[in-house]
Student: 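Take this structure first; my questions come after.
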Amino acid sequence: MIPKVAMIGGGSWATAIIKMLSDNISTKEIYWWMRNTEAITHLQKYKHNPNYLSSVEIRLPENNISGDIAGVIKQADYIILNVPAAFLKETLKGVTAEHLKGKKIVSAIKGIVPDENQIIGEFLNEKYGVPLSDILVISGPCHAEEVALEKLSYLTIASINTDAASFFASLLQTRYIKTNVSDDIFGTEYAAVLKNIYAVASGICHGIGYGDNFQAVLISNAIREIKRFVDAVHPISRDIKESAYLGDLLVTAYSQFSRNRTFGNMIGKGYTVKSAQLEMNMVAEGYYAVSCMHYINKKYKVDMPISRAVYAILYEKHSPQIEMRLLTEQLN
């Protein structure tokens, strides 16, 4: 049976994954939903996403690109959710548990659902009744811009159903994409959320003038914060130095393509949150994530000084200079 895969979302990461699926040599049907009707028309006519990664050629039949989310979901076996976490509930409005029944749901969202303060897997399980064995997570150090350039990249596909993860991983492999499989859906999801917060911290530090030496200290402390938290939430045996954890943290904290680092850099240089968001015209997941994690950690009470400092700067309007100077006394 030919696998059918649906992409929900129209941003740069969605476009990059469509490219991977298209370049992969195995036979499959690919469907793509996005909200923007002008972008859909442009894609159907010119075979490029006009708003993101416009250099990537999209080789999908016109009828497979649609603004009808229920119709796209109905046709697919694998549903890839790839919208900002803050907009997930709005995107799925009109989608019922019945629509998702029996399908594998793949989260390519590195964020937390606001209000519910849940990672995507927990949200889907609780709100839509999707069994955890039908939920997969895409993680790893992989920027969409480098996928567009076909730079060698590694992805980790996580699921408690490792057979499903292995099969889905086989649909993404290309000459420039290598894949690994993990059973740690909670750890990989939370690590993907947290690394965005630490990338914001990295950007703030750069913006106020800290150099590479301090950045190294900041990120070495950040990976320990991630380990403390994921061990508290889901205490299994895991190697925090694997690319899904440490690798993703490093690329997000240091890369020129990191929107979270860019956002933090603007905050460090004196932008308000609103002005930084408007100028970027892209969603920095770390902004929303730090508030959600602040709430979640009230339950676990994990020592997370970097995350706490970012929360104080973004939500309590503390001075970035003062907050980071206080943070330097807590790191080693």
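Counting from 1, the numbers follow the sequence of the chain as shown.
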Student: May I have the step-by-step check of side-chain contact (heavy atoms from CB on, under 4.5 Å) for Val106 and Leu81, ending in yes or no?
Tutor: CA-CA 6 Å; Val106 184; Leu81 299 178; over 6 Å; no

Student: Counting heavy atoms not belonging to Leu278, are there more than 12 under 6.0 Å from its CG?
Tutor: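 Yes, enclosed.
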
Student: Would you name the heavy atoms of Lys269 and Gly207 that are closest together and state the gap between them?
Tutor: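 Taking Lys269 first and Gly207 second, the nearest heavy atoms are CG-O, 3.7 Å.
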
Student: Does a side-chain heavy-atom distance below 4.5 Å link Leu249 with Ile219?
Tutor: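 Contact flag for Leu249/Ile219 side chains = yes.
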
Student: Once you round to the nearest 0.5 Å, how far does OG of Ser107 lie from CZ of Phe123?
Tutor: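 Ser107 atom OG to Phe123 atom CZ measures 11.5 Å (nearest 0.5 Å).
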
Student: Could you check whether any side-chain heavy atom of Leu132 comes within less than 4.5 Å of a side-chain heavy atom of Leu124, counting everything from C-beta outward?
Tutor: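 No, too far: nothing below the 4.5 Å cut-off.
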
Student: Whether the side chain of Ser275 engages the backbone of Thr272 through a donor-acceptor N/O pair (distance < 3.5 Å, no angle test) should be reported.
Tutor: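 Checking the backbone N and O of Thr272 against the side chain of Ser275, a donor-acceptor pair under 3.5 Å is found.
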
Student: For Lys103 and Lys74, indicate whether the former's side chain and the latter's backbone hold a donor-acceptor pair under 3.5 Å.
Tutor: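 Flag set: sc Lys103 to bb Lys74 pair under 3.5 Å.
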
Student: Give a yes or no on this: more than 12 heavy atoms of other residues, nucleotides or ligands lie within 6.0 Å of atom NZ of Lys47.
Tutor: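 Counting neighbours around NZ of Lys47, more than 12 heavy atoms of other residues, nucleotides or ligands fall under 6.0 Å, so yes.
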
Student: What are the two closest heavy atoms between Arg261 and Ala253, and how far apart are they?
Tutor: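 Arg261 and Ala253 have their closest heavy atoms at NH1-O, 2.8 Å.
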
Student: Hey, are the side chains of Met34 and Leu43 touching, using non-hydrogen atoms and a 4.5 Å cut-off?
Tutor: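 Result yes, sub-4.5 Å side-chain heavy-atom pair found.
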
Student: How about Arg259 and Thr252: does a side-chain donor come under 3.5 Å of a side-chain acceptor?
Tutor: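 No, because no side-chain N or O of Arg259 sits under 3.5 Å from a partner of the opposite role on Thr252.
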
Student: When you measure from the side chain of Thr41 to the backbone of Thr37, do you find a donor-acceptor pair of N or O atoms at a distance under 3.5 Å?
Tutor: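 A pair under 3.5 Å: yes.
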
Student: What closest approach, in Å, do Ser12 and Leu53 show between heavy atoms, and which atom pair accounts for it?
Tutor: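 Here Ser12 and Leu53 meet closest at O-CD1, 3.3 Å.
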
Student: Heavy-atom count check: over 12 atoms from other residues, nucleotides or ligands less than 6.0 Å from Glu57 CD?
Tutor: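 Buried by this count: over 12 neighbours within 6.0 Å.
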
Student: Quick one: CG on Asn64 to CD1 on Ile30, what's the gap to the nearest 0.5 Å?
Tutor: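 Taking CG in Asn64 and CD1 in Ile30, the distance rounds to 8.5 Å.
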
Student: Using only heavy-atom distances, determine whether the side chains of Glu285 and Asn260 contain a donor-acceptor pair under 3.5 Å.
Tutor: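 Absent: no donor and acceptor within the cut-off.
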
Student: Would you find more than 12 non-hydrogen atoms of other residues, nucleotides or ligands less than 6.0 Å from Asp239 atom CG?
Tutor: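 Atom CG in Asp239 is crowded, with more than 12 foreign heavy atoms closer than 6.0 Å.
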
Student: Are any side-chain N or O atoms of His234 and backbone N or O atoms of Phe186, one a donor and one an acceptor, separated by less than 3.5 Å?
Tutor: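 No, because the side chain of His234 does not come within donor-acceptor range (under 3.5 Å) of the backbone of Phe186.
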
Student: Could you tell me the separation between the OG1 atom of Thr188 and the CZ atom of Arg238, rounded to the nearest 0.5 Å?
Tutor: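 If we round to the nearest 0.5 Å, Thr188:OG1 and Arg238:CZ are 8.5 Å apart.
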
Student: Look at the side chain of Asn51 and the backbone N and O of Ala39, then say whether any donor-acceptor pair between them is shorter than 3.5 Å.
Tutor: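 Checked: no pair found.
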
Student: Is any side-chain heavy atom of Val5 less than 4.5 Å from a side-chain heavy atom of Asp77?
Tutor: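 A side-chain contact is absent here, since even the closest heavy-atom pair is not under 4.5 Å.
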
Student: Using every non-hydrogen atom in the two residues, find where Val217 and Ser220 come nearest and quote the distance to one decimal.
Tutor: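 Heavy atoms only, the tightest pair is O-OG, 2.9 Å.
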
Student: Only pairs at least two apart or in different chains count here, so list each side-chain hydrogen bond (donor to acceptor under 3.5 Å, both in side chains) that has a residue in residues 297-307.
Tutor: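 As it turns out, there is no side-chain hydrogen bond (donor to acceptor under 3.5 Å, both in side chains) pair with a partner in residues 297-307 once direct neighbours are skipped.
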
Student: Tell me whether the rings of Tyr311 and Tyr315 are parallel (<30°), tilted (30 to 60°) or perpendicular (>60°).
Tutor: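 It falls in the parallel class, under 30°.
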
Student: Do Arg224 and Asn332 have side-chain atoms, one donor and one acceptor, less than 3.5 Å apart?
Tutor: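 A pair is found: one side chain offers a donor N or O, the other an acceptor, under 3.5 Å apart.
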
Student: For Asp183, what residues pass the salt bridge (charged side-chain N to carboxylate O under 4.0 Å, His left out) criterion, not counting sequence neighbours?
Tutor: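 None.
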
Student: Quick check: does any side chain N or O of Gln215 sit under 3.5 Å from a backbone N or O of Tyr210, one acting as donor and the other as acceptor?
Tutor: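 Pair absent, no side-chain N/O of Gln215 close to backbone of Tyr210.
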
Student: Taking Ala158's backbone N and O only, do any of them form a donor-acceptor pair with Ser182's side chain (distance below 3.5 Å, no angle check)?
Tutor: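 Not at all, since once roles are kept as given, no pair shorter than 3.5 Å links the two residues.
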
Student: Apply side-chain contact (heavy atoms from CB on, under 4.5 Å) to residues Asp23 and Lys19 and explain how you reach the verdict.
Tutor: CA-CA 6 Å; Asp23 289 349; Lys19 175 177 169 58; 3.0 Å; yes

Student: Measuring from atom CD of Glu116 to atom NZ of Lys127, what distance do you get when rounded to the nearest 0.5 angstrom?
Tutor: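 Answer rounded to 0.5 Å: 6.5 Å.
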
Student: Do Tyr245 and Tyr190 have their ring centres less than 6.0 Å from each other?
Tutor: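 Ring centroids of Tyr245 and Tyr190 are no less than 6.0 Å from each other.
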
Student: Any side-chain heavy atom of Ile204 within less than 4.5 Å of one from Asn265?
Tutor: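 Result no, sub-4.5 Å side-chain heavy-atom pair not found.
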
Student: Mark yes when over 12 heavy atoms from residues, nucleotides or ligands other than Ile236 sit less than 6.0 Å from its CD1; otherwise mark no.
Tutor: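 Yes - once you tally the heavy atoms of other residues, nucleotides and ligands closer than 6.0 Å, there are more than 12.
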
Student: So does Ala108 get a backbone contact from the side chain of Lys110, meaning a donor-acceptor N/O pair under 3.5 Å?
Tutor: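 Side chain of Lys110 to backbone of Ala108, a donor-acceptor pair under 3.5 Å: no, none is there.
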
Student: Assess whether side-chain contact (heavy atoms from CB on, under 4.5 Å) is satisfied between Asn180 and Ile157, documenting all intermediate values.
Tutor: CA-CA 6 Å; Asn180 305 299; Ile157 313 302; over 6 Å; no

Student: Does anything in residues 194-203 pair up under salt bridge (Lys or Arg N to Asp or Glu O under 4.0 Å), and if so which pairs, sequence neighbours excluded?
Tutor: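 Applying salt bridge (Lys or Arg N to Asp or Glu O under 4.0 Å) to every pair that reaches into residues 194-203, excluding sequence neighbours, yields Lys195-Asp248.
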
Student: In Å, rounded to the nearest 0.5 Å, how long is the span from CG of Asp231 to OG of Ser237?
Tutor: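 Asp231 CG to Ser237 OG: 9.5 Å, rounded to 0.5 Å.
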
Student: Determine whether Ser291 and His294 satisfy the following criterion, side chain to side chain donor-acceptor pair (under 3.5 Å), listing intermediate values before the conclusion.
Tutor: CA-CA 5 Å; Ser291 175; His294 181 77; over 6 Å; no

Student: Is Asn125 close to Val130 at the side-chain level, that is, under 4.5 Å between some pair of heavy atoms?
Tutor: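 A side-chain contact under 4.5 Å is absent here.
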
Student: Would you tell me whether Thr96 and Glu98 have side-chain atoms, one donor and one acceptor, within less than 3.5 Å of each other?
Tutor: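 Per modelled atom types, Thr96 and Glu98 side chains form no pair under 3.5 Å.
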
Student: For Gln277 and Tyr287: C-alpha separation, side-chain torsions, deciding distance, then whether side chain to side chain donor-acceptor pair (under 3.5 Å) applies.
Tutor: CA-CA 10 Å; Gln277 289 174 325; Tyr287 170 70; 5.1 Å; no

Student: Side-chain contact, heavy-atom cut-off 4.5 Å: Glu62 with Lys45?
Tutor: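 Glu62 vs Lys45: side chains apart.
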
Student: State yes or no: do Ile40 and Ile18 share one hydrophobic cluster built from I, L, V, M, F, W and Y residues joined by side-chain heavy-atom distances below 4.5 Å, directly or via other members?
Tutor: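 Same cluster.
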
Student: Which atoms form the tightest heavy-atom contact between Gly10 and Asn49, and what is the distance?
Tutor: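 Answer, listing the atom of Gly10 first, then Asn49: O-ND2, 3.0 Å.
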
Student: Where the side chain of Trp33 meets the backbone of Gly71, is there a donor-acceptor pair that is under 3.5 Å apart?
Tutor: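 It does not hold such a pair.
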
Student: Atom CD of residue position Glu150 - does it have more than 12 heavy atoms of other residues, nucleotides or ligands inside 6.0 Å?
Tutor: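 Count over threshold, so yes.
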
Student: Take atom NE2 of His143 as the centre, draw a 6.0 Å sphere, and report whether it contains more than 12 heavy atoms from other residues, nucleotides or ligands.
Tutor: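 Count over threshold, so yes.
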
Student: More than 12 heavy atoms of other residues, nucleotides or ligands under 6.0 Å from CD of Glu38: is that the case?
Tutor: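 It does not: Glu38 CD has 12 such atoms or fewer within range.
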
Student: Please report the C-alpha distance between Leu218 and Leu327 in whole Å, then the side-chain angles of each, then the deciding distance to 0.1 Å, and finally whether the side-chain contact (heavy atoms from CB on, under 4.5 Å) criterion is met.
Tutor: CA-CA 9 Å; Leu218 179 77; Leu327 179 64; 4.0 Å; yes

Student: Using only atom types and a distance under 3.5 Å, with no angle test, would you say the side chain of Asn221 pairs donor to acceptor with the backbone of Leu331?
Tutor: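 Answer holds: no.
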
Student: Do Gln173 and Asn24 pass the side chain to side chain donor-acceptor pair (under 3.5 Å) test, and can you show the C-alpha distance, the side-chain angles, and the key distance before you say yes or no?
Tutor: CA-CA 6 Å; Gln173 290 168 358; Asn24 174 273; 5.7 Å; no

Student: Return the minimal non-hydrogen interatomic distance between Ile112 and Ala85, and the atom names on each side.
Tutor: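 Heavy-atom minimum between the residues: O-CB, 3.3 Å.
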
Student: Say whether Ile73 and Phe168 are linked into one hydrophobic cluster, either directly or through other cluster members, by side-chain heavy-atom distances under 4.5 angstrom.
Tutor: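 Different clusters: Ile73 never reaches Phe168 through Ile, Leu, Val, Met, Phe, Trp or Tyr contacts under 4.5 Å.
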
Student: Quick one: does Glu225's side chain get under 4.5 Å of Leu194's, heavy atoms only?
Tutor: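 No, side chains not in contact.
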
Student: Tell me whether Ile138 shares a hydrophobic cluster with Leu92, the cluster being built from Ile, Leu, Val, Met, Phe, Trp, Tyr side chains joined at under 4.5 Å.
Tutor: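 No; tracing contacts between hydrophobic side chains, which count when under 4.5 Å, never links both residues.
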
